[in-house]
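Okay, so here's the structure we're looking at.
Treat the numbers as computed from the prediction; the structure is a model and nothing was measured. Proteins get letters first, then strands, A, B, ... in listed order; numbering begins at 1 in each.
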4 protein chains.
Amino acid sequence: MSETKKDSRQMILDAALSLFSQKGFSGTTTKEIAKEAGFAEGTVFRYFPTKKDILIALAEPHAVAGLKRVMNSLPNQDEESNLRAILENRLVTIAQNKDLLKVIFTEAQYHEDFRKEVFDNIGTHVLGTVAGYMEKRMETGIFRSIDPIVATRILVGMMLSLLVTENFLPMKDFDQEKRQGYLDEIVHIFLYGLTKR
Amino acid sequence: MSETKKDSRQMILDAALSLFSQKGFSGTTTKEIAKEAGFAEGTVFRYFPTKKDILIALAEPHAVAGLKRVMNSLPNQDEESNLRAILENRLVTIAQNKDLLKVIFTEAQYHEDFRKEVFDNIGTHVLGTVAGYMEKRMETGIFRSIDPIVATRILVGMMLSLLVTENFLPMKDFDQEKRQGYLDEIVHIFLYGLTKR
Amino acid sequence: MSETKKDSRQMILDAALSLFSQKGFSGTTTKEIAKEAGFAEGTVFRYFPTKKDILIALAEPHAVAGLKRVMNSLPNQDEESNLRAILENRLVTIAQNKDLLKVIFTEAQYHEDFRKEVFDNIGTHVLGTVAGYMEKRMETGIFRSIDPIVATRILVGMMLSLLVTENFLPMKDFDQEKRQGYLDEIVHIFLYGLTKR
Amino acid sequence: MSETKKDSRQMILDAALSLFSQKGFSGTTTKEIAKEAGFAEGTVFRYFPTKKDILIALAEPHAVAGLKRVMNSLPNQDEESNLRAILENRLVTIAQNKDLLKVIFTEAQYHEDFRKEVFDNIGTHVLGTVAGYMEKRMETGIFRSIDPIVATRILVGMMLSLLVTENFLPMKDFDQEKRQGYLDEIVHIFLYGLTKR
DNA sequence: TATGAATGAGGGTTCATTCAT
DNA sequence: AATGAATGAACCCTCATTCAT
């Protein structure tokens, strides 16, 4: 009973995520979602009173939990030499949630309430966690002392460039190997810059 | 005649850009565009056969010319010590075209034809230009030798973080002064990394 | 078995009557009816093949029997001096069935079949009964001789004004006492008119 | 320009009135209204943002003006012997607006806001006017002294009985002549009651 | 007998687009 | 060139009804 219910709800969410990330929120029809999920249109509304509620459900703590959990483990790594592995790991995780992130970021621009809902989760929490990590390094003297939030945002921006690379401006022959190289460079530049020492 | 025509067309484009960046493409009504531009509903369609054509026109060569022109002047700068000032300058310019960029990046995800139009312009061209600049530095030995395209993308990502900061995850009290600090750090990290030398 | 069945059926009818009178026929959902009756959605349709059948059932003979029975006893009263008490009594009874009457009158306008069903019951029967009473008074010389049906309808109209008062155009401070006064006046005017004798 | 616009709006109102009175408010489709008015469905919404707004427009001062104007002239009549003619006249007017009244009364039951909207017009105003007339007669000693509002409501109820006769419980062979007789009796009973003097 | 998940036709509403003026 | 009334397809959503359990 609860089994079936959860399944249906989840199937709709899966279908919606897939379609939203392909065609955007307003570009996706509730009818399409239903069809993709294998239901009749009306069924969608048994589980979500509103189309927008599907979007919100996609971004709810539950859905973002994965991202958060991953980020939480960050500060446990101590050795500076491990930063690369960590970031790599994170980026892979992010890449796996690429569709979700894409939808969330796109729609967050236009729905004020949605933006708040989401960024009380990702925003404050995740950024805060990473910033705490930064701060610790600065206290230790490993990093220069700058606004840890700024440092965090810049690092996130570098990660973003990878998403951009994979979604907007694809690079030719961007295989797994090149991807590794890309990650290496992000870490390297973040730590040591592009200039020769 | 051609004068008036161009004006009307441009007024519609301006109105559309403003509205698209606020409410997204599908969130904006042709009626709203007409009103914002000071015309009646039907008039819009004298200049653009389709709503989508307005979007495409926004990404047309001469519309993006400003961005391109700015980027073009990059390689003319020789002294490494000037990079900071240059990038700063670029970032400010980009920020001024924030609306256009926002619209282009957001909508490019969902309109295949649009994506092509745009990335034959900005994408290839701009990235290529900056990459050429990177390459030169690497040959000179100022920068380490890495894939110049990767370096470029990472730098762009760092710039993106600023857009994100201003659009999605606003920082408290992010005044003009803090903004300058932010830019400084982007440059600094890109050149020297976050670690102490 | 028949016991339980009747109960369920009646519970649904009761729920429907209550909801119909509050929100109208089309304004009421079968789901709401089910919930109000304490059943699940589908159960309603075990007793009534159609939503409309609930409405029709509300007007069925034994549902309206109460009203009819009350009216039937009218002619047994002989003394003219008792008319007031009688009418008063009737009006109170009618007021108690206000919900049913309201639903019937409202919906009868729009459902042909329903209208027939109802007015072969209340209409003809009740009006006829009261008209018979009128006729008797006229023969006795107590009432002037006019079309007894017309007299009946006018009396009913006066009663209606009370329903209107309570449903559409509420009077301020219309407490029980004022209500009595209102009834008194209906009787008085019907018997003696508003002019001074 | 203004000519056409007004026409379209009015045609939609006419169509809506006709359909609402036949099938009720919720029983009528915006598509039907459009078709009946000779337009496409979307056109309806150029003139009325909402289906409900059509209903409200039907009841707006404009539409009720006729009734009000007629009622306003009531107190100018002095001779008691004229009451009959006056009422007759009113009833005819009401009969002409039968469709409108039917819709208004039916829907007023279920839409609180609508009820208020309407009865600030008809209710207070019209009833008040007639009540004023009653009061004057009572002061003059022609009528007994009772609550003039109650007297008014009862009179209105008697009028209502005619509407009921024509809409719910039709009388056989109810021709124009019989109608006259009916009106005569309303007046007579209201003034002198049904009992013999 | 009772459930409640699923259905899908149909309703109100929006809006890009057309066209007579 | 400009208007804005008109269009109608398509959208989101509701709800009476069905049916497997």
> Just how far is it from atom CZ of A:Arg9 to atom OH of A:Tyr47, taken to the nearest 0.5 Å?
Replying inline: 10.0 Å

> Closer to the 5' end of DNA chain F via nearest nucleotide, is it C:Gly27 or A:Lys51?
Replying inline: A:Lys51

> Is there a donor-acceptor pair closer than 3.5 Å between any side-chain N or O of B:Gln109 and the backbone N or O of B:Thr106?
Replying inline: yes

> Hey, does the side chain of C:Thr28 reach the backbone of C:Gly24 with a donor-acceptor pair shorter than 3.5 angstrom?
Replying inline: yes

> Listed in order of residue number, which residues of residues 30-42 of chain D have a non-hydrogen atom at under 4.0 Å from DNA chain E?
Replying inline: D:Thr30, D:Glu41, D:Gly42

> From E:dT17, F:dA2, F:dC13, pick the nucleotide closest to the side chain of B:Thr43?
Replying inline: F:dA2

>> Over all strands shown, is D:Thr28 touching base, sugar-phosphate only, or nothing at heavy-atom distances under 4.0 angstrom?
In response: sugar-phosphate

> For DNA chain E, whose closest nucleotide is more 5', that of D:Lys52 or that of B:Pro49?
Replying inline: D:Lys52

> Can you check the B:Ile54 CD1 to E:dC15 P distance for me, whole Å?
Replying inline: 15 Å

> Is any side-chain nitrogen or oxygen of A:Thr50 closer than 4.0 Å to OP1 or OP2 of F:dC13?
Replying inline: yes

> Given B:Ile104 and B:Leu58, is the side-chain contact (heavy atoms from CB on, under 4.5 Å) satisfied, shown in steps?
Replying inline: CA-CA 8 Å; B:Ile104 285 177; B:Leu58 282 175; 5.8 Å; no

>> Would you compute the distance between atom CZ of D:Phe39 and atom CD1 of D:Ile33 and round it to the nearest 0.5 angstrom?
In response: 13.0 Å

> Any side-chain N or O of D:Tyr47 less than 4.0 Å from the OP1 or OP2 oxygen of F:dA5?
Replying inline: no

> How many Å lie between CZ on D:Arg9 and P on F:dG4, as a whole number?
Replying inline: 19 Å

>> For the CZ atom of D:Arg46 and the OG atom of D:Ser8, what is their distance to the nearest 0.5 Å?
In response: 9.0 Å

> For D:Ser8 and F:dA6, is the shortest distance between a side-chain N/O and OP1 or OP2 below 4.0 Å?
Replying inline: yes

> CG of A:Asp7 versus C1' of E:dA6: gap in Å, rounded?
Replying inline: 15 Å

Using distance only, find each side-chain donor-acceptor pair of residues 14-22 of chain C under 3.5 Å and give its atom names and separation, not counting sequence neighbours.
unit_1  : atom_1 : unit_2  : atom_2 : d
C:Asp14 : OD1    : C:Gln10 : NE2    : 3.1
C:Ser18 : OG     : C:Gln22 : NE2    : 3.1
C:Ser21 : OG     : C:Leu17 : O      : 3.4
C:Ser21 : OG     : C:Ser18 : O      : 3.0
C:Ser21 : OG     : C:Asp99 : OD1    : 3.4
C:Gln22 : NE2    : C:Ser18 : O      : 3.2

> Please give, in whole Å, the distance from E:dA9 C1' to A:Phe45 CZ?
Replying inline: 14 Å

> What is the bend of the helix from E:dA2-F:dT21 to E:dT21-F:dA2 when you compare the axis at one end with the axis at the other, using five pairs each and rounding to 10°?
Replying inline: 10°

>> On the six-membered ring of D:Phe25, is D:Lys52 placed so that its NZ or CZ lies under 6.0 angstrom from the centre and within 45° of the ring axis?
In response: no

>> Rounding to an integer number of Å, can you tell me how far C:Phe48 CZ sits from F:dC15 P?
In response: 20 Å

> Between the side chains of C:Glu41 and C:Thr30, does any donor sit under 3.5 Å from an acceptor?
Replying inline: no

> Given that D:Thr29 and A:Arg46 both sit by DNA chain E, which one's nearest nucleotide is further toward the 5' end?
Replying inline: A:Arg46

